[in-house]
Number of protein chains: 2
Amino acid sequence: MASPRRVGAETSKTRATLLDGTEQLILEAGYAAVTYRNVAAKAGVTGGLVQYYFPTLDDLFLALLRRRSDANLERLLAALEERPDEPLRIIWEFNTDETSAGLMMEFLALANHRKSIRSEIAEVTRRARKVQVDALAARWPQYASSAEGLSPGSLLFLMATVPKMMLLEESVGIAAAHHDVLRLVEQYLDSVEPTRAPRRMQTKRPAKRKSPARRRHGSST
Amino acid sequence: MASPRRVGAETSKTRATLLDGTEQLILEAGYAAVTYRNVAAKAGVTGGLVQYYFPTLDDLFLALLRRRSDANLERLLAALEERPDEPLRIIWEFNTDETSAGLMMEFLALANHRKSIRSEIAEVTRRARKVQVDALAARWPQYASSAEGLSPGSLLFLMATVPKMMLLEESVGIAAAHHDVLRLVEQYLDSVEPTRAPRRMQTKRPAKRKSPARRRHGSST
DNA sequence: GTCTATACGGCGATAGAC
DNA sequence: GTCTATCGCCGTATAGAC
């Protein structure tokens, strides 16, 4: 039925390089800049070769989305295991990661007119949400009292959604009240999830786990 | 400097029809479906004529965005004047409007790779935010006590942003915790903004101002 | 398994005919 | 005010070289 076209191996180094370049391209110029010719130029190969590994652009986007979200999920699980006493801070930081949020927003936009992306986005989001909501539910008494009617799901929705919306707005140049919101959240985090070293010299938050700098290779960040 | 190309009159009826069709096209199939050929086919004219009125696709998108956001702002101002005692409910309803939110999300996505859209989106968002934040600030004592550190700006951010994020997620098929969040918000609205008829027979919210149904012509909804 | 060359129809955009 | 012709770039498909 489906075309018996030949496709490059998933373990190919070239394939990984193409994915790296595509990711960079999306971050720099938006998903619309992802064309066979652009991706090929970035990697110094021909367009046909890109097509050899990714027969359609959907295949390329999908591979990229999967690679990125698998890495993200791993990162999330590692952090939750490493700092079991502050899941909410981890959730906030996880959803504040600029690179991932930027990429995810591009994919969300892509989802509007590429069905294959839509279902995959829904799937990976559900997976990530489940991990996070379970982490909150496990220590729910700690958070339950903070607002009447609050559930693990709704708290997670806010903590996952608000930073993404802030990043989205910032990307078009709107920053109204973002600072206020940030203060509000940090205040809330301090109250429901006091850190082991309760007071620092500054009002600064405890350091991020890792620099969010863009590495060229995909398995981190 | 700029090209001295000929452009159709802004008052043209054909022009308005083209805008209507484009809006419909975006809602049905995403902004990527907006091509001269598609828009022309929908209106039963030739692609060249569409280009006569909108020399570039940017011009078309921009005209659409302006028309829609002007209408929205008018609608918002009218509602605030009509029900001066419940600005927060109005803000929530305003940002929950499906058609507008869907359109705005498409434009937000578009903004990622069309600079002209980006700046216009920022501009209209700022205008709408200002109207809303002023409405809240005017009766701030009523809301100030609900959470420590809450400011008109941050409350508005949440009330404007949360429903949009819910609609965005729903559009890709995610509904996790949305019901919980909705309950939470309604509970909050009831507490800080009790309606004049304080208790109904049902738990139902007071009726929406207007059906959000899609009209063919753009000056409403 | 990897990679190149070439072809096709649809696209945005431009210039200019009617 | 309306419409056609044309240009260069796009995704995609295929055939075949190494």
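These numbers come from a predicted model, not from an experiment. Order of the sequence lines fixes the chain letters, A, B, ..., with proteins taken first and strands second; residue numbering starts at 1 for each chain.
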Polar atom pairs between nucleotides 16-18 of chain D and protein, under 3.5 Å, N or O only, would you list them?
unit_1, atom_1, unit_2, atom_2, d
D:dG16, O6, A:Arg6, NH2, 3.0
D:dA17, N6, A:Arg6, NH2, 3.1

Here's a test for you: under side-chain contact (heavy atoms from CB on, under 4.5 Å), which of B:Leu136, B:Leu158, B:Val131 qualifies with B:Ile91? B:Leu136

Return the 5'-most residue of the pair A:Pro55, B:Gln51 with respect to DNA chain D, ranking by each residue's nearest nucleotide. B:Gln51

A:Glu120/A:Phe61 under side chain to side chain contact (heavy atoms under 4.5 Å, CB included): CA gap, chis, key distance, verdict: CA-CA 10 Å; A:Glu120 186 67 16; A:Phe61 283 123; over 6 Å; no

When you check the phosphate oxygens OP1 and OP2 of [N], does a side-chain N or O of [X] lie under 4.0 Å from one of them?
X       : N     : result
A:Arg37 : D:dC9 : no
A:Thr46 : C:dC3 : no
B:Thr14 : D:dG1 : no

Given atom CG of A:Leu49 and atom P of C:dT4, what is their separation to the nearest angstrom? 6 Å

Can you see which heavy atom on B:Leu155 is nearest to which on B:Tyr143, and at what distance? CD2-CB, 4.1 Å

Tell me if the CD atom of B:Glu74 is crowded by more than 12 foreign heavy atoms within 6.0 Å. no

Salt bridge present between [X] and [Y] (N-O < 4.0 angstrom):
X        : Y        : value
B:Glu169 : A:Arg129 : yes
B:Lys42  : B:Glu23  : no
A:Arg83  : A:Glu93  : yes

Between [options], which one does the side chain of [X] approach most closely?
X       : options               : answer
A:Tyr52 : C:dG1, C:dA13, D:dT2  : C:dG1
B:Tyr36 : C:dG12, D:dT12, C:dC3 : C:dG12
B:Tyr53 : D:dT12, D:dC10, D:dT2 : D:dT2
A:Asn38 : D:dC10, C:dA13, C:dC3 : D:dC10

Pick base, sugar-phosphate or nothing for B:Ser12, based on heavy-atom distances below 4.0 Å to the nucleic acid. nothing

Indicate, with a heavy-atom threshold strictly under 4.0 Å, whether A:Phe54 touches base, sugar-phosphate, or nothing. nothing

